[in-house]
Each structure stands twice: as structure tokens, then as C-alpha cells.
Amino acid sequence: MITIKGITKSFGSLQVLRGIDLHIDKGEVVSIVGPSGAGKTTLLQIIGTLDRPDAGTVFVDGIDTTKLSRGELSDFRNQHLGFVFQFHQLLPEFTALENIMIPAYIAGKSHGEAKRRAMELLEFMKLTDRASHKPNELSGGEKQRVAVARALVNSPAVILADEPSGSLDSHNKAELHQLFFDLRDQFGQTFVIVTHDESLAAITDRTIHMRDGLLEPAAQPAIELPAEEPQSAETPLAP
């Protein structure tokens, strides 16, 4: 699902990533932990194509994202990736349902198709009675579940989460953490989660430890780069 080889990244004279090799299987729930400044968020942004590495390759869902143009990367993110942040980033002027539908509109789906998928996700999140509520009418836990639904609306290959439970109380944290595993079991969803939350890291399938721009030594199998399937800007990237 995700294969990273030889990734480096510097900002000026500061080298943040110093040669990262990593493989994540489809359906894995993986946490990335480490002290502040270890390079966790930078690695997540590179996996999510929000930033480019200085060197190395990043295959996601069989596609080498380092070879995609800016326009192709935008389409790739919309169709293959979902993002969940510490603060939900919902648009305040739109309802929960409308917020979830926005990525589907960007993907060119019809209103009816987008609404059906969004309502399915709201039902899965047990939020159908909150569909017409705006973010200021939702609790913190409800907002974050809406944000997860928005990330899922285009059936992406991978969900990338950066401190997703960092702003929640202990009850809502536990509910959100369980939701990740429910989604994996229901949809085969892959999650890569940057977190400082030890309780979340402890229950993930695998915990990746980072320090000083490197992965700490672990039993990591040898990585072989997948064969790349030819893609073009005109060819839709299948989810």
C-alpha cells in the first residue's frame, strides 16, 4: 500500500529526514511516535503529497507520487488520500452533511451521489440526527467524527491523521480510537497516524518510532519497490 525508500528532506541547513525506508500494508493501522522535532509530521506530509522529498521514492497505492505533476498530485490526493487533523478544520458556514460532501464535489461526483455517500457515513458514525447542524452546534467529538467522514467520502486508499485526538477529552478519544479500527474492519481502511497519545499508539497494529529524522531500529523487512503502473493526467486514478 505504502512503500517509501531513501526519503530525505531539508529546510535550509536543517535536515529533517535523513533516509527513511518504510513499508505499510493495506489495512494496517500504524502509529508514528517520537519527540517533537523528530520529523513525524514532515514524513506524514510527504506521504500525503503535501510536500516533496529532496530525494527518494514514495509509492502509494502502486503509484510513484514523486513523479506526478502538481495537477496530478491534486487529483491524487482527492481520490486516494483522506486527511484528519488535530482540529477538525470544518467550514463553519456549512452543515455537517455539506462539509462531508465537499471532497466528493471536487472529485466531480453528482449531488445525489455525494449526498448518498455522505449520509451513509453519517449513519456509520451514528450522526444522522446531526446532518443539518453546523460545526458550532456540534460537540468536539462530533466534529472530529464529521472530519473523519469527510476524509472517507471518496473511499481513499489511505487515511493520514496528525494528532487526531489531541483536542479531545478521554471519553471522545476512546471513541475516536475505536472508530479507526471499526473503519479498518468494515472497509479495509489503512491508517497512518502521527500521535503523542500513548494509549492510541499502544493499540495500533504497529508503532513506528522516530528520532532525529530517522526510524529507530526495528524488525523491518527488506523493501522492494512495486512495479509502477503507467498513469497519465487524463487517466482517472482508481481508488
Side-chain angles (χ1 to χ4, degrees), residues 1-24 28 30-91 103 106 144 147 150-151 156-167 190-198 200-201 204 206-218 220 222-226 228 231 233 237:
M1 176 55 67
I2 301 172
T3 301
I4 297 166
K5 186 70 174 176
I7 289 298
T8 64
K9 182 67 178 180
S10 296
F11 297 98
S13 61
L14 177 64
Q15 188 167 17
V16 178
L17 300 178
R18 299 192 288 148
I20 301 291
D21 296 342
L22 178 64
H23 179 77
I24 296 170
E28 268 198 292
V30 173
S31 56
I32 302 176
V33 303
S36 296
K40 305 182 301 296
T41 295
T42 300
L43 177 59
L44 196 74
Q45 289 175 337
I46 287 174
I47 295 172
T49 74
L50 297 171
D51 202 354
R52 289 187 183 270
D54 296 332
T57 55
V58 181
F59 280 82
V60 180
D61 208 16
I63 297 167
D64 184 354
T65 64
T66 61
K67 293 183 178 179
L68 298 180
S69 69
R70 185 181 297 240
E72 289 171 331
L73 283 173
S74 179
D75 290 340
F76 181 85
R77 280 192 295 273
N78 179 253
Q79 297 174 29
H80 288 250
L81 302 173
F83 296 88
V84 180
F85 304 99
Q86 179 174 353
F87 300 103
H88 48 81
Q89 307 292 347
L90 300 178
L91 297 177
I106 294 170
Q144 200 62 314
R150 178 184 58 191
V158 181
I159 297 291
L160 303 172
D162 194 356
E163 298 289 357
S165 57
S167 62
T190 305
F191 284 88
V192 183
I193 307 167
V194 164
T195 185
H196 284 101
D197 191 312
E198 294 180 1
L200 173 56
T204 55
R206 184 158 49 112
T207 302
I208 295 165
H209 296 266
M210 289 191 70
R211 183 177 296 274
D212 300 328
L214 292 167
L215 304 188
E216 292 190 345
Q220 179 80 285
I223 294 173
E224 294 183 5
L225 294 179
E228 184 182 1
Q231 297 284 349
L237 298 171

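Hydrogens, waters and symmetry mates are skipped; everything else that's a heavy atom, side chains included, is used. The chain is numbered in sequence order, starting from 1.
Scanning both residues, Ile4 and Ile20, for their nearest heavy atoms gives CG2-O, 3.4 Å. Nearest approach of Leu214 to Gly19, heavy atoms of both residues: CD2-O, 4.0 Å. Pairing each heavy atom of Thr190 with each of Met1, the nearest pair is OG1-CG, 4.0 Å. Across Val84 and Ala151, no two heavy atoms sit closer than the pair CG2-CB, 3.9 Å. The minimum heavy-atom distance linking Thr207 with Ala201 is given by the pair OG1-O, 3.0 Å. Here the shortest heavy-atom pairing between Gly56 and Thr66 reads O-CG2, 3.8 Å.
When side chains are defined from C-beta on, Arg206 counts as touching Ile24, because their heavy atoms get closer than 4.5 Å. Taking the side chain as every heavy atom from C-beta outward, Thr49 and Leu81 approach each other to under 4.5 Å. Side-chain contact check for Ile63 versus His80: some heavy-atom pair is nearer than 4.5 Å. A 4.5 Å side-chain heavy-atom check between Val30 and Ile2 finds every atom pair outside the cut-off. Put simply, the side chain of Leu17 reaches to within 4.5 Å of the side chain of Ile46, judged on heavy atoms. Between Leu215 and Asp21, the closest side-chain pair of non-hydrogen atoms is not below 4.5 Å. Between Ile193 and Pro164, the closest side-chain pair of non-hydrogen atoms falls below 4.5 Å.
For Asp51 (side chain) and Gln45 (main-chain N/O), no donor-acceptor pair under 3.5 Å exists by modelled atom type. Between the side chain of Lys40 and the backbone N or O of Met210, no donor-acceptor pair lies under 3.5 Å.
The distance from the OG atom of Ser10 to the CZ atom of Arg18 is 10.0 Å, given to the nearest 0.5 Å. Remark: Glu72 CD to Asp75 CG distance equals 8.0 Å, nearest 0.5 Å. Here the CG-OG1 distance, from Asp54 to Thr8, works out to 5.0 Å after rounding to the nearest 0.5 Å. Taking CZ from Phe83 and CG from Leu44, the interatomic distance works out to 7.5 Å, rounded to the nearest 0.5 Å. Distance check: Arg52 CZ to Ile7 CD1 gives 11.5 Å after rounding to the nearest 0.5 Å. Interatomic distance, OG1 of Thr57 versus CG of Asp64, reported as 6.0 Å (0.5 Å rounding).
Annotation: side chain to side chain contact (heavy atoms under 4.5 Å, CB included) contacts of Pro103 (sequence neighbours excluded): Asn78, Arg150, Val153, Asn154. Under the side chain to side chain contact (heavy atoms under 4.5 Å, CB included) criterion, Ser74 pairs with Arg77, sequence neighbours left out.
Counting non-hydrogen atoms of neighbouring residues, nucleotides and ligands closer than 6.0 angstrom, the CZ atom of Arg211 reaches no more than 12 such neighbours.
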